[in-house]
Amino acid sequence: MGAPKLAIDYGAAMPTGMAREEWEARVELAACYRVFAHLGWTEMIYNHITLRVPGPDTDGGRHFLINPFGLHYTEVTASDLVKIDLDGHILSDSRWPINPAGLAPHATIHRNIATAHCVMHTHTTAGLAVACTRGGLSMTNFYAAQLYGKVAYHEFEGITVNPEEGPRMLKSLGGKPILILRNHGLLAWGETLPQAFAHLWTVQRACEIQVAAQGLQDELIEIPRPVLEQCTRVSLQFDPKYGAGVDMFNALIRQIDRIDPSYKS
């Protein structure tokens with residue numbers, strides 16, 4: 001029995017002339033936006049999830065999909081997603097613009113990390129709260145323990161519209177899958193969409209527990225380094241051999257399909 005596969009109904013609305021690989025990527029990404037909305041990880045019309053467009057006609061994987069600027073995550077559909085290149089040029093017919101603030105960090109990671117198939121960025125309350133603390137993510141809870149050595153930090157330089165910040169952000173990332181943008185929020189990437197989601201979900205849960213625990217006005221218990229190393233080593237949810245988040249993401253898609261399957265259109 002091999003690793004679990006993404007189980008999704010891609011619908012029957014694929015536009016004429018579009019490569020099957022692109023349409024499937026669109027449906028998967030639109031489903032992810034609905035999942036984020038379902039989990040409450042929205043920020044009005046802001047923040048981004050981007051997904052590299054697979055297939056032969058993508059300039060060597062340099063094209064990716066991003067949300068249309070102006071739509072709430074509950075409104076995003078596969079056909080509405082905007083295809084752009086790494087310089088932000090819109091390559092698909094779109095009634096919507098893109099948010100320039102989403103281009104710098106996402107394009108930088110897609111451009112420079114060949115395996116970065118998906119990049120996610122949020123401003124959740126717990127994630128942003130931890131990003132505003134001097135100590136950042138504390139290694140004091142079950143979820144944080146699975147991320148030992150996987151989290152990097154980048155100092156706040158203002159709203160991310162300056163392309164010159166990209167190389168500095170990449171240096172801060174250092175190849176790690178999770179970046180806490182100080183005073184700003186959380187960012188995660190993965191070799192697949194479910195893997196990126198697993199990274200983000202885990203750090204989000206770690207932040208939620210940390211914020212709740214700090215409210216108890218008691219000293220947090222630091223987890224010893226050998227235990228952190230063990231937790232990170234045996235946590236298989238990020239490992240492609242064990243699905244890298246596919247099972248979890250499939251369960252969430254089933255919930256979205258029961259609520260509103262219009263993302264496939």
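These numbers were taken from a predicted model, which means no experiment stands behind them.
For the pairing with S92, the side-chain contact (heavy atoms from CB on, under 4.5 Å) check across H63, M18, K83 returns one residue only, K83.
Here the shortest heavy-atom pairing between A116 and I109 reads CB-CG2, 3.6 Å. The two residues T42 and A37 make their nearest non-hydrogen contact at CG2-CA, 3.5 Å. Minimum heavy-atom separation, Q214 to L220: CG-CD1, 3.7 Å. Nearest approach of C32 to I49, heavy atoms of both residues: SG-CD1, 3.9 Å. Minimum heavy-atom separation, A78 to A30: N-CB, 3.5 Å. Nearest heavy-atom pair, N141 versus Q210, reported as atom, atom and distance to 0.1 Å: ND2-N, 4.0 Å.
I66 and V53 sit in two unconnected hydrophobic clusters of ILVMFWY residues. Membership requires side-chain heavy atoms under 4.5 Å apart, directly or through other members. Note on L29 and V76: same hydrophobic cluster, where clusters join Ile, Leu, Val, Met, Phe, Trp and Tyr whose side-chain heavy atoms are under 4.5 Å apart, directly or indirectly. Cluster membership for V82 and Y46, using ILVMFWY side-chain heavy atoms within less than 4.5 angstrom, is not shared.
Shown here is Y153, whose OH atom has more than 12 heavy atoms of other residues, nucleotides or ligands within 6.0 Å.
Using a 30° and 60° split on the angle between ring planes, F36 and Y73 fall in the tilted class, from 30° to 60°.
With ring centers used as reference points, F197 lies under 6.0 Å from W41. Annotation: H121 is in aromatic contact with H184 [ring centroid separation under 6.0 Å].
With no hydrogens or angles considered, a side-chain donor-acceptor pair links Y148 and R225 at under 3.5 Å. E165 and H154 form a side-chain donor-acceptor contact under 3.5 Å, judged by distance and modelled atom types alone.
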Donor-acceptor pairs under 3.5 angstrom involving side-chain atoms of residues 94-101: please list them, not counting sequence neighbours.
from : atom 1 : to   : atom 2 : distance (Å)
S94  : OG     : W96  : N      : 3.0
S94  : OG     : W96  : O      : 2.8
N99  : OD1    : A101 : N      : 3.1

